[in-house]
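Inspection log for the structure reproduced underneath, given as structure tokens.
Scope of the values below: all heavy atoms of this structure, side chains included, with no hydrogens, waters or symmetry mates. By convention in this document, chain letters (A, B, ...) are assigned in the order of the sequence lines, proteins followed by strands, and residues within each chain are numbered from 1.
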Amino acid sequence: MPIAKALREIERGCAEIIDRERIETLLRNYYEKGERYKVKLGLDPTAPDLHLGHTVILQKLAAFQQHGATVQLLIGDFTAMIGDPTGKSETRKVLDRETVLENAKTYQEQAFKILDPDKTELLFNSSWLDALGSAGLIQLTTQFNVARMLERDDFEKRYKSGQSIAISEFLYPLLQGYDSVAMECDIELGGTDQKFNLLMGRHLQRAYNVGKEQAVLMMPILEGLDGVQKMSKSLGNYIGISEPAKEIYAKMLSISDELMWRYYELLSSRSLDEIAEMKRQVAAGELHPKKAKEMLALEITARFHDETAAREAKEAFDSLFKQKEIPEDIPEVVIEAGTWICKALVDAGLEPSNSQARRDIKQGAVRIDREKVSDDQLKLEPGEYILQVGKRKFARARVE
RNA sequence: GGUGAGAUACUCAAGUGGCCAACGAGGGCAGACUGUAAAUCUGCUGGCUUUUGCCUUCGGAGGUUCGAAUCCUCCUCUCACCA
């Protein structure tokens with residue numbers, strides 16, 4: 001394969017590349033001499049669910065694997081532990097380690113939906129950071145200074161706006177950079193928000209005379225379903241790659257038209273030309289934006305499940321919302337006869353509290369068997385009902 | 001170590017003795033309209049089966065008062081300046 005073509009594939013969708021020449025050299029060495037190289041990706045083991053935001057980077061790693069890379073998935077188990085301010089007792093630490101291992105396993109399973117397992121190594125940074133010791137840590141801190149540390153965007157903002165910064169937070173980038181020293185990686189991938197940390201790896205590899213300086217490749221941050229903030233689990237605006245096909249499909253369709261193009265660019269395997277053409281057709285009124293969104297939703301759903309599941313998800317979705325039918329696989333609950341409606345909704349997991357349930361009834365958001373409920377004192381008679389709150393929350397209740 | 005400023009609900013942010021479950025904005029939820037899009041309009045946004053009621057909440061613990069987010073004391077945390 002010509003080097004230029006490989007490089008183009010690698011570059012697609014990247015936000016920024018530092019030391020492109022290095023990447024080109026690595027590709028050349030692979031194609032001309034068969035030399036493999038290492039590409040690092042650091043993962044935070046606290047939240048084990050991968051979402052679409054992660055896949056932007058994982059897909060790039062998969063591309064690297066096709067061009068001679070061995071992927072190093074780094075589980076930041078050590079850095080996760082020092083980040084926990086309450087992690088002071090020994091027992092807790094042991095427990096954390098178990099959780100971390102479990103999370104790492106989950107991560108791996110999910111990541112292998114995209115990555116080639118034969119070309120992937122799994123590493124834990126505790127294996128060298130534990131051994132670093134206090135002396136090693138102090139040695140590490142001499143490699144950088146506070147003024148430069150404060151250049152990091154979020155530190156600077158917090159410092160200027162008078163918010164606190166813990167010393168341990170300064171250690172984070174240093175330790176992450178030291179990982180690159182220990183791993184002797186050639187390239188590190190990350191989101192654009194990781195730029196500072198990624199460059200730290202380069203800086204420290206030089207300081208520790210590793211004999212090479214990692215190239216850095218940054219991918220754009222994928223916005224979450226709200227279209228504003230980055231996709232993250234804690235914000236609840238994500239699509240998890242292990243979610244059921246119907247969920248993925250439905251969530252994809254709920255994004256705004258504007259966001260759809262962003263997702264096309266970052267997630268779709270369609271060529272950029274193809275996407276531009278679709279965009280033109282939509283603007284010209286030749287293609288309904290809803291259609292374009294459906295195509296994207298099908299593609300993404302099929303990626304994590306398969307074609308059949310994606311088509312089924314679409315059919316279920318269409319019958320539910322176009323014909324206003326009730327979905328088939330909704331949670332079932334058993335409720336005692338005579339239960340107050342509000343309590344039943346809470347028990348069914350449709351509402352967080354009786355008060356909220358009462359408020360929703362007042363607003364006409366609650367339905368039983370598609371009939372709007374107007375009496376907030378209603379007691380359930382024995383029988384089978386479909387409970388509904390808003391447009392999306394359903395439960396089948398067996399009252400006995 | 002010293003001096004000063006500050007801590008209010010998911011976030012920002014008013015309130016400085018009763019009219020406070022606490023202005024406003026953002027976010028979120030719901031309703032109308034739609035393509036479960038956007039925009040717009042409307043309502044809600046601590047809990048409690050008796051909802052013009054009751055209980056809990058304004059960093060924490062005490063105190064003053066008929067009554068405290070608001071005043072006093074101590075504590076914790078944050079920031080700024082000085083050392």
Side-chain angles (χ1 to χ4, degrees), chain A residues 85-86 150 155-169 223-239 243 246-264 278-279 282-283 285 287-298 301 313-327 330 335-347 349-367 370-380 387-394:
Chain A
T86 58
L150 283 173
F155 282 155
E156 192 188 1
K157 267 189 211 144
R158 282 160 65 189
Y159 188 69
K160 279 188 176 158
S161 71
Q163 288 179 303
S164 101
I165 300 170
I167 299 280
S168 60
E169 294 183 80
E223 291 85 353
L225 299 173
D226 52 44
V228 181
Q229 286 176 286
K230 75 170 191 176
M231 184 175 283
S232 84
K233 195 180 183 191
S234 56
L235 292 171
N237 61 356
Y238 71 106
I239 299 180
E243 292 192 62
K246 282 175 192 172
E247 282 292 314
I248 296 181
Y249 185 85
K251 282 185 179 177
M252 283 301 297
L253 269 201
S254 78
I255 64 175
S256 73
D257 291 2
E258 205 185 328
L259 188 61
M260 165 175 76
W261 297 117
R262 182 81 175 142
Y263 278 24
Y264 256 118
M278 283 174 73
K279 212 167 172 174
V282 168
L287 179 67
H288 196 290
K290 177 85 189 298
K291 264 273 172 296
K293 206 178 286 175
E294 281 173 353
M295 279 155 62
L296 179 64
L298 280 171
T301 309
K314 176 173 164 28
E315 276 158 24
F317 179 88
D318 288 345
S319 72
L320 170 56
F321 289 102
K322 285 188 180 156
Q323 294 150 39
K324 298 215 163 188
E325 277 175 16
I326 288 156
I330 56 180
I335 286 162
E336 218 175 291
T339 303
W340 179 39
I341 176 67
C342 291
K343 183 136 183 17
L345 291 171
V346 174
D347 288 349
L350 302 180
E351 290 282 19
S353 72
N354 292 354
S355 300
Q356 182 62 45
R358 196 195 291 268
R359 281 193 287 268
D360 279 337
I361 289 171
K362 258 186 208 146
Q363 297 197 103
V366 175
R367 288 163 190 272
R370 311 220 51 82
E371 291 291 320
K372 206 173 271 186
V373 176
S374 51
D375 176 15
D376 66 4
Q377 289 304 314
L378 186 75
K379 303 234 183 335
L380 292 177
L387 304 178
Q388 180 183 357
V389 177
K391 286 175 190 157
R392 323 181 183 198
K393 285 176 281 184
F394 293 91

For residues 248-258 of chain A, tabulate all N or O donor-acceptor pairs below 3.5 Å that involve a side-chain atom, not counting sequence neighbours.
unit_1: A:K251; atom_1: NZ; unit_2: A:Y238; atom_2: O; d: 3.2
unit_1: A:K251; atom_1: NZ; unit_2: A:E243; atom_2: OE1; d: 3.0
unit_1: A:K251; atom_1: NZ; unit_2: A:E243; atom_2: OE2; d: 3.1
unit_1: A:S254; atom_1: OG; unit_2: A:K251; atom_2: O; d: 2.9
unit_1: A:S256; atom_1: OG; unit_2: A:L259; atom_2: N; d: 3.2
unit_1: A:D257; atom_1: OD1; unit_2: A:K293; atom_2: NZ; d: 2.9

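Computed from coordinates, the A:E351 CD to B:G47 C1' distance equals 14 Å when rounded to whole Å. To the nearest angstrom, P of B:A38 lies 18 Å from CZ of A:R262. In this entry the distance linking CD1 of A:I361 with C1' of B:U45 reads 16 Å, nearest Å. Between A:R359 atom CZ and B:U51 atom P there is a gap of 16 Å when expressed in whole angstrom units. Across the protein-nucleic acid pair, A:M260 atom CE and B:A38 atom C1' stand 11 Å apart, rounded to whole Å. In this structure, CH2 of A:W261 is placed 13 Å from C1' of B:A37, rounded to the nearest angstrom.
Within 4.0 Å (heavy atoms only), A:L378 reaches no atom of the nucleic acid at all. Here A:I255 lies in heavy-atom contact (under 4.0 Å) with sugar-phosphate atoms only. Looking at heavy-atom distances under 4.0 Å, A:Q377 makes contact with a base. At a threshold of 4.0 angstrom between heavy atoms, the contacts of A:K251 with the nucleic acid are absent.
Out of B:U36, B:C48, B:A37, the shortest distance to the side chain of A:K290 is found at B:U36.
Between the side chain of A:R358 and the base of B:U51 there is at least one donor-acceptor pair of N/O atoms closer than 3.5 Å.
For the C1' atom pair drawn from B:C33 and B:A69, the interatomic distance equals 42 Å after rounding to whole Å. Distance noted for atom C1' between B:A25 and B:G59: 24 Å (whole Å). Between B:A39 and B:A9, the distance separating the two P atoms is 28 Å to the nearest Å. Straight-line distance between the C1' atoms of B:U78 and B:G28: roughly 28 Å, to the nearest whole Å. Comparing B:U70 with B:C19, their P atoms are spaced 13 Å from each other, to the whole Å. With C1' as the reference atom, B:A22 and B:A37 are 37 Å apart, rounded to whole Å. Spacing of C1' atoms, B:C12 relative to B:G6, comes out at 15 Å, to the nearest Å. Across B:C72 and B:A68, the matching P atoms stand 15 Å from one another, rounded to whole Å.
For the side-chain contact (heavy atoms from CB on, under 4.5 Å) criterion with A:V373, the lone passing option out of A:V366, A:L345, A:D360 is A:V366.
Here A:S254 does not reach the OP1 or OP2 of B:A37: none of its side-chain N or O atoms lies under 4.0 Å away. Distances shown here put every side-chain N or O of A:S256 at or beyond 4.0 Å from the OP1 or OP2 atom of B:A38.
Along RNA chain B, the nucleotide nearest A:K362 and the nucleotide nearest A:S164 are compared for position; the residue whose nucleotide lies closer to the 5' end is A:K362. Where A:G338 and A:L253 meet RNA chain B, the nucleotide closest to each residue was compared, and A:L253 sits on the side nearer the 5' end.
With the 3.5 Å cutoff on both pairing distances, Watson-Crick and G-U pairs in RNA chain B assemble into runs of at least 3 at B:1-7 with B:76-82, B:10-12 with B:24-26, B:27-32 with B:40-45, B:46-48 with B:53-55, B:59-63 with B:71-75.
A:V346 and A:S353 get closest at one heavy-atom pair: CG2-C, 3.5 Å.
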N/O contacts under 3.5 Å, protein versus nucleotides 24-34 of chain B?
unit_1: B:U34; atom_1: O4; unit_2: A:K391; atom_2: NZ; d: 3.1

- Let me see the working for A:F317 and A:K246 under side chain to side chain contact (heavy atoms under 4.5 Å, CB included), right down to the final yes or no. CA-CA 7 Å; A:F317 179 88; A:K246 282 175 192 172; over 6 Å; no

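For the pair A:R358 and A:Q377, the minimum side-chain heavy-atom distance is below 4.5 Å. Put simply, the side chain of A:M278 reaches to within 4.5 Å of the side chain of A:Y264, judged on heavy atoms.
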